[in-house]
Structures are given as structure tokens and as C-alpha cells.
Amino acid sequence: MSDTRINDVSAMRVWDSRGRPTVEAQVILRDGSCGRAIAPAGASTGSGEAVDLRDGGDALGGRDVQRALANIRVEIADALRHMDAVDQVAVDALLCRLDGTENKGRLGANATVAVSMASAHAAAAANRVPLWRHLAGDGDVVLPLPEIQIFGGGAHAGGRVDVQDFMIVAPGAESFDQALVWTAEVYAAAGQLLEAQGRLRGVADEGGYWPEFSSNEEALEYLSKAIEAAGLKPVDQVAIALDIAASEFGQRGRYKLSLDGDELDSDGFIERLGAWIGRYPIVSVEDPLAEDDEEGLRAFTARFGKRLQIVGDDYLVTSAARVEHAAAIGACNAVLIKPNQAGTLSEARQALDASRDAGWDAIVSARSGETEDTTIVHLAIGWGAPQLKVGSFARSERMAKWNEVLRVEAALGERARFAGASALGGRGSR
Ligand code: PGA
Ligand code: ZN
């Protein structure tokens, strides 16, 4: 029997996909097994998220993480030493107790999530299995439906387009591999269309094209055209998923669409979204209203919840309590799961479990600031989450995740099953 008690926890500063400092944690067990993980970072964050600890001051835009690293090296290492890494719930409960705040503000969610994930990796290593298998046990696993960005906007592209993510899903694909092939075709077709019209300005933070559009709706036109140009059938094979990230341009019931030159109230904005939903093959909408507009979210869900997946990100911030509340009042029907919004794996898992209890869909998601770390892929597969959102189909911090799913699919061979259309709970057909 291997000795899975924690022997040492260490930390170092590494760099994320925006060239900003972030936290890497390493957990070493008594048997020598080692796990390592890196904290990601959001740009369009919900106000209820667990918060990263940053140093402030002038250097590195105030974003250095020396205090978070010191917390791992001293307090966290001392507290976790001798704990069994296999008992993730106990490890995470100790991190929460040690931090002692509502939002991980003392130790830093960047410190706690990195350690929580590294500990899980160490436990899997001691078991001599990949993390997804360690989490899933011996049972069958299903590969998630990928949600992949084609155009980036909002906070990830200097606000050029108000809507943040114009994404596609491939519910008609037979395998994860095929979903990526179709995505590659749509991504290429979208790039060619933009190029031909002189609209291409580079790529946004998550690798999606950073386009020069004259309205938000024009992005939907281009995306629909790209799906058709790729020879794919809208809705049945490939459909559109949006992350409106409405908290970025909506407060107190007013929605300011800079690109469209419009300011709408909550009802007016719901009408606008409804027009887009009627005209384009949209099957999923994330944060359609701002996090402070619960009434708007309820109204939107009442109106479109039967045919659309309605995902709460900024509104739900990977919190089980918030999911339970939202399900009780009929706001949203799916949750985005970002481990660093919660600060530990166990809390993220609780939010996923709460969504299951509510009969909701769930999407495990990366952040806009990412690294080569592929932990979220293992969580999505190991926890049986039906969907995975990682950003676009370019830049290696994104491709590392998609490629990792392909490795699991290959390892499963004949036993590989793909969530496909079932991930959307039958939504999307109209
Ligand atoms: P973020 O964006 O990581 O910048 O918060 C991702 C999202 O809104 O889903
Ligand atoms: Zn979002």
C-alpha cells in the first residue's frame, strides 16, 4: 500500500496566457507521488466569486502573487502535512477553515485552488491512474460536448463587440474527435470570411477571432455563414452558443450596447435577445442578463427555458447555495463550473451536484487567463459533467485541453462514449 499522506506542499510563480503572474502548487506525498497544478484567472468575473490574492503596488500591474505563494509555503504546507491526499473533501475543508473568509480573500483563491487541484493530482498519481479515472472510479465515463469560441468580444477583446463569446457546439457529432474536426472547419471558414471582407483584427484573449463588426448581430450572421460554408447543417450538426456576459455592460436593469448604439431596459434587452434567438441557430445562452438582474433572468428563463440552455456564470459563481436558490425561483437551467470561482475542488463539485439535483445541465469551464494546465478536462470527464468550455480553437493553452480529451478518448477506445446532443437535454431541436 502506498502512503498517500502529504509530505510537502510547495509553490512557485509561473505565467498565464495573458503574460500575468499566477500560482503553481506542488504536492508531494510520503510515497513520493507528486501532483502539480496552476491557478487560472478570469477577466469578466462575477462579484460573488472567490478572489485571488494579488500583491498590489506598481510592479506587474499589481498582479504579482508573492503573498499567495508565501501562504502556500508556510500556512497551507504546515496545515496539510500528514493529511491523506486521497480524502479530497478533508483537504478542501481544511483549506476553507484555514482561510476563514467567505471568499478565500485571506489565503487567496489562487493559492487554495492550485493546492486543491495539485493534491487531487498527487492522489491520482499514487493510484497510478490519470486524474479523470481517479475521480470516476471504475465506472463508464462520457466525453463532454465541447463549447468552442469562434469570435471573442467583451472584456476579452477590448469591448469591440459587446457580447463576449460567440461559440459553437456540435451536438450532431458522433465522437469528441468528430466534434473537433467540425469545429476546425467552422473556425477556418469563419477566418476566411472575415479575411475576405477585411474584418479580421487578430485573436482575442481566448483565441477566437477579434473581428471588426458593425453590430452584435453581424457576428451572428457571420457565424451562421461560417457553419454553412463549412458544409455543416445548422442546429442538427452544429449550433450556436452565446456567452452574453451581460454584467459587463448591464447594471441596475439598463443594458448599454455600445456597438449597436442602444441602451435598453431589461425587457427591451430580452426582446433583443429573443430576436436573435428567432433568427439564428442558437441553443445555449450564458449570462443573458446581468448578475444583479434576477427578475430579468427569471423572465428570460420562463420565456426561453424550454428550448434553450440558459447558463449562469457571473450570477451563480460555482456556488451550490446559489444554484439551489436559482433553481427554486426559476432563473437559469444550467450552471457553469469554474473551480477557481469556488476556490476548492470540493466546493466546485458541490455546485455540480446541486445542479444535478435540480435537473439542470452543467458545463465545466476554463478561464480567459489560462495555462498549459489541463485539470479541468479531468474534472469534466471524471465528474461526468456533460459539457466543457475552454475558449477557442487556437493558442496552446486552449488546444492543450482539447488535445487532452482526445487522449482520453483514444485511451478508452471502443468504450468511448460521447455526450453529443444528450448534453443539451434534447434542447436545440425546433
Ligand atoms: P472569464 O471569462 O474567465 O474572463 O471570467 C469566461 C466566461 O465568462 O465564461
Ligand atoms: Zn461567462
Side-chain angles (χ1 to χ4, degrees), residues 16-20 22 38-52 54 63 103 109-110 113 144 146-169 203-208 210 240-250 273 282 284-293 297 300 308-319 322-323 326 331-332 334-343 348 351 355 361-371 373 375-376 380 385 387-392 395 397-398 401:
D16 75 13
S17 54
R18 282 189 276 249
R20 295 175 183 169
T22 188
I38 308 175
S44 74
T45 50
S47 62
E49 292 191 19
V51 295
D52 288 346
R54 304 270 173 184
R63 293 196 178 89
N103 65 359
N110 44 356
V113 82
E147 201 178 28
I148 306 184
Q149 187 194 65
I150 305 297
F151 305 135
H156 304 156
R160 186 65 192 81
V161 185
D162 300 288
V163 172
Q164 181 180 283
D165 296 327
F166 295 87
M167 301 173 285
I168 57 166
V169 287
V203 296
D205 281 8
E206 298 191 359
W210 178 325
I240 295 177
L242 299 176
D243 182 358
I244 307 294
S247 308
E248 290 291 314
F249 57 84
L273 293 172
I282 297 166
S284 178
V285 183
E286 181 177 328
D287 285 342
L289 286 304
E291 61 170 56
D292 67 359
D293 189 1
L297 284 164
F300 186 82
L308 287 186
Q309 171 171 268
I310 301 168
V311 188
D313 170 15
D314 293 348
Y315 171 59
L316 298 172
V317 293
T318 314
S319 151
R322 287 184 185 230
V323 170
C332 302
V335 61
L336 206 71
I337 301 288
K338 292 166 163 172
N340 80 324
Q341 278 184 334
S355 77
D361 295 331
I363 307 171
V364 169
S365 172
R367 301 306 306 243
S368 50
E370 272 292 333
T371 66
D373 187 286
T375 306
I376 56 155
Q387 295 168 69
L388 177 65
K389 176 186 179 190
V390 165
S392 192
R395 301 178 41 142
E397 80 279 5
R398 314 290 151 188
K401 274 82 159 169

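Just the heavy atoms: all of them, side chains too, but no hydrogens, waters or symmetry mates, feed the values below. Atoms within a ligand are numbered from 1 in the order they appear, just like the ligands themselves. Please read all numbers here as calculations on a predicted model, not as lab measurements.
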Could you give the distance from CD (Gln164) to CD (Glu248), rounded to the nearest 0.5 Å? 6.5 Å
In a check of side chain to side chain contact (heavy atoms under 4.5 Å, CB included) between Glu147 and each of Ile363, Asp165, Leu388, Val390, which one passes? Ile363
Output the list of atoms in ligand 1 that are nearer than 4.0 Å to some heavy atom of Lys389, sorted by atom number. 7 (C), 9 (O)
What protein heavy atom is closest to atom 3 (O) of ligand 1, reported as residue, atom name and distance in Å? Ser368 N, 2.7 Å
When rounded to the nearest 0.5 angstrom, what distance separates CD1 in Ile244 from CZ in Phe249? 6.0 Å
So the atoms of ligand 1 within less than 4.0 Å of a heavy atom of Arg367 turn out to be 1 (P), 3 (O), 5 (O)
Which residue holds the protein heavy atom closest to atom 6 (C) of ligand 1, what is that atom called, and what is the gap in Å? Lys338 NZ, 3.4 Å
Proximal ligand 1 atoms for Asp313, defined as those under 4.0 Å from one of its heavy atoms: 7 (C), 8 (O), 9 (O)
What heavy-atom pair brings Asp314 and Glu291 nearest, and what distance separates the two atoms? O-OE1, 3.5 Å
As an exercise, identify every atom of ligand 1 less than 4.0 angstrom from a heavy atom of Ala43. 1 (P), 4 (O), 5 (O)
Going by the order shown, which atoms of ligand 1 are within less than 4.0 Å of some heavy atom of Glu286? 9 (O)
Minimum heavy-atom separation for Ala362 to Ser355, with atom names? CB-OG, 3.8 Å
Would you mind running through ligand 1 and noting each atom that sits below 4.0 Å from a heavy atom of Gly42? 1 (P), 3 (O), 4 (O), 5 (O)
Quick one: pull up CZ in Arg18 and CG in Asp205 and give me the separation to the nearest 0.5 Å. 4.5 Å
Just distances here: any N/O of Asp165 and N/O of ligand 1 closer than 3.5 Å? no
The Zn ion (ligand 2): protein N, O or S atoms that are less than 2.8 Å away, sorted by chain: Asp243 OD2, Glu286 OE2, Asp313 OD2
For Thr45, is at least one N or O under 3.5 Å away from an N or O on ligand 1? no
Does any N/O atom on Gln164 come nearer than 3.5 Å to any N/O atom on ligand 1? yes
Considering only NZ, NE, NH1 and NH2 on the basic side and carboxylate oxygens on the acidic side, decide whether Glu370 and Lys401 come within less than 4.0 Å. yes
With a 4.0 Å cut-off on heavy atoms, is Ala245 touching ligand 1? no
Can you tell which part of Leu336 has a heavy atom less than 4.0 Å from ligand 1: side chain, backbone, both or neither? side chain
d(Ile150 CD1, Ile240 CD1) to nearest 0.5 Å is 10.0 Å
Judged by non-hydrogen atoms, does Asp314 sit under 4.0 Å from ligand 1? no
To check you understand the geometry: which heavy-atom pair defines the closest contact between Gly391 and Glu206, and what is its length? CA-OE1, 3.3 Å
Contact (N/O only, under 3.5 Å) between Asp243 and ligand 1: yes
Atom 2 (O) of ligand 1: closest protein heavy atom, distance to 0.1 Å, is His156 CE1, 3.2 Å
Donor-acceptor contact below 3.5 Å, side chain Asp52 vs main chain Asn110: yes
Test side chain to side chain contact (heavy atoms under 4.5 Å, CB included) applied to Ser365 and Gln387, Glu286, Gln341, Lys338, the passing residue: Lys338
If you look at every heavy atom in Ser44 and Ala155, which pair is closest and at what distance? CB-CB, 4.1 Å
Taking atom CG of Leu308 and atom SG of Cys332, what is their separation to the nearest 0.5 Å? 11.5 Å
Do side-chain atoms of Asp16 reach the backbone of Gly19 as a donor and acceptor pair under 3.5 angstrom? yes
